[in-house]
Amino acid sequence: MLDPNLFRNDLDSVIRGLASRGFEFDRETYQKLDSERRRVIQEAEVLKAERNRVSDEVAKLKRAKESADHLITQQRDMGDRLKNLETAEKAAEAAFKDFLSTIPNVPHESVPVGQDEHGNVEMKRWGAPAVIEQPKDHVELGTKLGILDLDRAAKMSGARFSVLKGMGAKLERALINFMADRQSAAGWAEVMTPYMVLPHSVYGVGQLPKFEQDLFKTMRGEDTLYLISTAEVPVTNLYREEILAEDQLPLRHCAFTPCFRSEAGSYGKDTKGIIRQHQFHKVELVAFTTPEQALAEHEHLTACAEAILEALELPYRRVLLCTGDMGFSSRKTYDLEVWLPSQKTYREISSCSWFGDFQARRANIRFRPKDGKPQFLHTLNGSGLAVGRTWVAVVENGQQPDGSIRIPKVLVPYVGAESIG
RNA sequence: GGAGAGAUGGCCGAGCGGUUGAAGGCGCCUGACUCGAAAUCAGGUUAUGGGGUGACUCAUACGGGGGUUCGAAUCCCUCUCUCUCCGCCA
């Protein structure tokens with residue numbers, strides 16, 4: 001959520017920023033809701049002040065053992081009048097908040113303006129894609145080696161699920177352990193979290209109320225729990241409603257979790273293979289910082305994700321997303337894209353975002369500066385990395401003419417073999 | 001699943017219808033003492049929202065929601081969570 005003061009102090013620049021990402025800010029509705037809210041608050045507070053004054057009078061009289069009956073009679077209907085006003089106040093506050101919570105974050109000034117992915121800017125490339133004659137894709141390679149079984153996955157769960165077998169399952173586990181080991185060694189304190197969360201946690205990171213259709217929802221009686229779409233959700237919410245000390249920042253966590261996404265609206269996209277699944281594994285990096293630390297932390301976090309790709313000898317590039325291609329909550333996002341020989345292109349394998357205080361405001365996460373009042377901190381996160389897509393990249397980039405897969409050196413101790421097949 | 005206890009400020013912990021935004025302690029800040037530090041002493045130290053250029057002022061908040069009352073941290077209902085004991089269980 002954006003800071004209401006931003007609207008009050010610098011409405012025009014906010015509107016311009018939002019427009020750059022293709023969001024049209026409804027100025028009229030905003031002003032109507034804001035003035036209504038303030039009107040009701042003031043009305044209620046005048047009445048409450050009056051009630052408090054009279055109650056004090058009553059207290060004084062009673063202590064002096066005098067009669068206060070005339071005041072009490074006079075105040076009889078105060079309760080009802082106030083109750084009505086309080087209801088109106090709550091409604092006005094809620095309407096205002098609902099309006100604000102559907103407004104996306106304002107892009108940072110360093111973000112290029114653009115409508116969609118064509119406006120993204122490539123920042124760097126690392127590694128030269130190997131020359132492979134007639135490269136096979138991971139489905140063909142995996143199926144032949146008996147390490148991937150999509151047909152049987154479909155039998156039990158339908159489309160967009162997979163079964164990994166033998167060395168395929170072991171490779172998945174190896175990647176998870178390698179990534180979690182590396183990131184925790186790099187200073188990202190590991191956490192294991194719930195995979196089901198309450199609605200307010202999803203709201204806190206900005207995926208509710210607008211993106212419910214992307215999530216799996218479960219019911220327990222009347223209560224809703226969502227399956228997490230990313231570890232960002234539980235890890236960011238670790239400190240909801242808390243005030244952290246400034247010297248705790250930057251606070252860095254990594255978390256391995258499965259991720260669940262309904263992929264509504266992506267019918268026909270990446271239907272082949274395990275690039276886009278309803279369930280996949282990810283090692284996520286999440287950072288909490290002061291506003292001053294945030295931009296440097298964004299670079300650091302991205303570098304930590306890149307380090308995994310480099311250790312795995314996977315060619316990749318870093319892309320700075322333009323205003324029109326960024327997620328709802330983000331101020332600035334780098335995507336890391338890995339080379340896939342079968343597609344002869346780079347595909348997203350990590351997304352590293354800085355959210356400013358947008359999520360912190362929604363989840364009410366603050367820090368106490370050395371001298372001064374508590375203020376909202378900044379949050380950042382990025383994949384380090386998406387495990388399923390890394391599995392694909394290792395298999396496709398490591399493929400040999402005989403159909404076997406060469407395992408990257410750093411992974412050999414984890415896999416227990418130098419090649420598969 | 002059964003029985004009971006509890007939830008108060010950054011932390012611990014009193015209060016159980018009206019001078020309590022909240023005793024006392026810890027922590028933290030300022031000052032005194034000191035060459036400096038520790039100890040000691042004195043003072044200060046919640047957050048959010050409204051109004052005001054400002055000093056300031058008003059409102060709200062004692063797990064969440066609802067109720068009783070002129071007035072609720074205090075009484076009633078309800079939900080959530082935590083703890084103890086019993087049962088069941090990976």
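The chains referred to below are lettered A, B, ... by the order of the sequence lines, with proteins before strands, and numbering in each begins at 1. Only a predicted model underlies this, so the values are computations on that prediction, with no experimental measurement involved.
- Secondary-structure annotation of RNA chain B gives the stems B:1-7 with B:80-86, B:10-12 with B:24-26, B:27-32 with B:40-45, B:46-51 with B:56-61, B:63-67 with B:75-79, with a stem taken as at least 3 successive Watson-Crick or G-U pairs whose two distances both fall under 3.5 Å.
- With salt bridges taken as basic N to acidic carboxylate O contacts below 4.0 Å, one links Asp12(A) and Arg27(A).
- In this structure, Glu45(A) reaches the bases: a heavy-atom distance under 4.0 Å links it to at least one base atom across the strands shown.
- When the P atom is used for both G44(B) and G51(B), the distance is 31 Å, rounded to whole Å.
- Residue-level contact check: Arg361(A) touches neither bases nor backbone, having no heavy atom under 4.0 Å from any strand.
- Note on Lys48(A): only backbone sugar-phosphate atoms sit closer than 4.0 angstrom, heavy atoms only; bases stay farther off.
- Figure legend: Arg362(A) and Tyr203(A) shown as a cation-pi pair, the cationic atom lying under 6.0 angstrom from the six-membered ring centre and within 45 degrees of its axis.
- Among the protein residues, Asp56(A) comes within range of no part of the nucleic acid, since none of its heavy atoms lies under 4.0 Å from any strand.
- The existence of a salt bridge linking Asp56(A) and Arg53(A) is excluded, since no basic side-chain nitrogen approaches an acidic carboxylate oxygen closer than 4.0 Å.
- Within 4.0 Å of Arg53(A), counting heavy atoms only, lies no atom of the nucleic acid at all.
- Side-chain contact of Glu396(A) with Ser342(A): a donor-acceptor pair under 3.5 Å is present, judged by distance alone.
- The residues Arg39(A) and Glu43(A) are annotated as salt-bridged, a charged nitrogen and a carboxylate oxygen being separated by less than 4.0 angstrom.
- By the 4.0 Å N-to-carboxylate-O rule, Glu313(A) lies too far from Lys409(A) to be salt-bridged with it.
- Taking the nucleotide of RNA chain B with the nearest heavy atom to each of Arg8(A) and Lys83(A), the more 5' of the two is matched to Arg8(A).
- On the nucleic acid side, RNA chain B has its first and last nucleotide under 4.0 Å of a heavy atom of chain A at G18(B) to G71(B), going 5' to 3'.
- Using C1' as the reference atom, G9(B) and U45(B) are 11 Å apart when rounded to the nearest Å.
- A salt bridge does not link Glu263(A) to Lys269(A): none of the charged side-chain nitrogens sits closer than 4.0 Å to a carboxylate oxygen.
- Counting any heavy atom pair closer than 4.0 Å across all strands shown, Val58(A) reaches a base atom.
- Residue contacts for Arg366(A): at a heavy-atom cut-off of 4.0 Å it reaches the sugar-phosphate backbone alone, with no base atom in range.
- Taking the P atom of each, G43(B) and C26(B) are spaced 14 Å apart, rounded to whole Å.
- Taking atom P in both G4(B) and C89(B), the straight-line distance is 24 Å, to the nearest Å.
- Arg38(A) and Asp34(A) are joined by a salt bridge, as a carboxylate oxygen and a charged side-chain nitrogen come within less than 4.0 angstrom of each other.
- Between Arg318(A) and Glu299(A) there is a salt bridge, with a side-chain nitrogen of the basic residue lying less than 4.0 Å from a carboxylate oxygen of the acidic one.
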